[in-house]
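Presented below is the structure to which this report refers.
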Amino acid sequence: MVDRLANSEANSKRIAVVESCFGTAGQPLAIPGRVLIGEGVLTKLCRKKPKARQFFLFNDILVYGNIVIQKKKYNKQHIIPLESVTIDTVADEGDLRNGWLIKTPTKSFAVYAATATEKSEWMSHISKCVSDLLEKSGKSPTGEHAAVWVPDSEASVCMRCQKVKFTPVSRRHHCRKCGFVVCGPCSEKKFLLPSQSSKPVRVCEFCYDQLSTGATLPVRSNSYSLLPPSCKFGSNVSDDEDEDDSSD
């Protein structure tokens, strides 16, 4: 069906509508062979609180952006090549239900659908697109993925030393390797993670030591509570900006 739609007028019009909604805030999306598979609003678990984001699934990329005016205007466009994507389900936790992880070498995050059916459809279509791309290219699935950042609200104290309490003076930071929320003294060093940046990025003391010695880092389970049911969102102090949005 994708091949049949690739050069259809209906597909071209749908992609043109998406481009117009992003306007100058987005990149051109129409290229030969690209098909818009589906679209919808998903709740993205950002670093400070969950936020609604508009997602568009194409047969080769996943695009999302901030909603300015629903179905009319979006900004802060992000384009993720599907060849590098791996997805994993996330257990329901409190009000956050029907979620899954979108993992890539440069950035990983959790999203949530409105219903279980919607989650199933999204995951099924993404998996099919990734599988088809890898089959056509002959490439293997991506082995390394960026850590999913633990939300600010899940850590009132440093997750490494377990001593420093976060305040307006003792600010939150995120280790780019493990995704933990850590204090300044526990994350003073930087290390080059080529898949994430061309420059050295902030890592915690533990990850720095492991990376420096070439030791194999333990993989953090994705089953941790992404957001405790008892958590209340407030003014969380942090100086690490989510690459997605400085307010995330």
Side-chain angles (χ1 to χ4, degrees), residues 2 5-7 11-47 50-88 99-113 121-137 139-149 176 193-199 201 241-248:
V2 170
L5 291 172
N7 299 311
N11 178 62
S12 297
K13 287 182 177 180
R14 291 178 69 200
I15 295 179
V17 170
V18 177
E19 288 181 329
S20 67
C21 286
F22 277 105
T24 56
Q27 299 179 30
L29 298 171
I31 63 170
R34 178 168 289 165
V35 175
L36 178 58
I37 305 296
E39 61 183 271
V41 177
L42 298 173
T43 298
K44 179 178 179 288
L45 189 58
C46 301
R47 64 166 304 156
K51 295 182 180 181
R53 295 286 184 257
Q54 183 72 29
F55 281 77
F56 300 92
L57 176 63
F58 295 82
N59 59 329
D60 62 334
I61 57 174
L62 181 66
V63 178
Y64 71 93
N66 294 10
I67 301 169
V68 180
I69 303 174
Q70 183 60 49
K71 295 185 177 180
K72 290 186 178 180
K73 186 176 181 181
Y74 311 113
N75 64 14
K76 298 189 177 178
Q77 183 191 76
H78 295 266
I79 300 176
I80 302 173
L82 286 179
E83 275 189 351
S84 66
V85 168
T86 298
I87 58 175
D88 284 320
W100 67 98
L101 297 177
I102 295 175
K103 302 189 296 182
T104 79
T106 56
K107 186 178 180 68
S108 301
F109 53 90
V111 292
Y112 294 82
E121 291 177 348
W122 270 101
M123 292 190 72
S124 175
H125 286 303
I126 292 173
S127 295
K128 181 66 165 60
C129 288
V130 173
S131 175
D132 288 348
L133 280 172
L134 293 176
E135 184 178 349
K136 288 181 180 179
S137 66
K139 296 181 180 178
S140 300
T142 302
E144 183 179 355
H145 300 98
V148 179
W149 283 16
R176 269 54 173 183
L193 301 176
S195 62
Q196 295 190 35
S197 174
S198 59
K199 299 179 180 179
V201 293
E241 294 186 352
D242 188 322
E243 297 132 12
D244 167 331
D245 182 335
S246 60
S247 66
D248 281 359

Could you tell me which non-hydrogen atom of R34 sits nearest to which non-hydrogen atom of N59, and how far apart they are? CA-OD1, 3.4 Å

Considering only heavy atoms from C-beta outward, does the side chain of L101 approach that of S108 to under 4.5 Å? no

Which pair of heavy atoms, one from F58 and one from I15, lies closest together, and at what distance? CE2-CG1, 3.8 Å

Which distance, rounded to the nearest 0.5 Å, do you find between the SG of C21 and the CD of Q70? 9.0 Å

With heavy-atom distances below 4.5 Å as the criterion, would you say the side chains of L82 and D60 are in contact? no

I'd like to know if the side chain of T104 and the backbone of S84 have a donor-acceptor N/O pair within less than 3.5 Å. no

Would you compute the distance between atom CZ of R14 and atom CD1 of I37 and round it to the nearest 0.5 angstrom? 8.0 Å

Approximate separation, where rounding is to 0.5 Å, of F55 CZ and I67 CD1: 9.5 Å

Flag, side chain of N11 to backbone of L36, donor-acceptor distance under 3.5 Å: yes

So, the side chain of R176 versus the backbone of Q196: is there a donor-acceptor pair under 3.5 Å, distance only? no

Using 30° and 60° as the class limits, which term best fits the ring planes of H78 and Y64: parallel, tilted or perpendicular? parallel

Donor-acceptor check, side chain of E19 to backbone of A30, threshold 3.5 angstrom: yes or no? yes

Heavy-atom closest pair, residues K103 and H145: O-CD2, 3.4 Å

All heavy atoms of E144 vs all of S195, minimum pair found to be OE2-OG, 4.1 Å

Would you mind telling me which of L62, T86, D88 makes a side-chain contact (heavy atoms from CB on, under 4.5 Å) with I102? L62

Which atom pair, heavy atoms only, marks the closest approach of Q77 to A25? CB-O, 3.9 Å

Would you list the atom pairs, donor with acceptor, under 3.5 Å between side chains in residues 121-130 and any protein atom, with sequence neighbours excluded?
from, atom 1, to, atom 2, distance (Å)
S127, OG, M123, O, 2.9
K128, NZ, D132, OD1, 3.2
K128, NZ, D132, OD2, 2.7

Minimum heavy-atom separation for V111 to K44, with atom names? CG1-CA, 4.2 Å

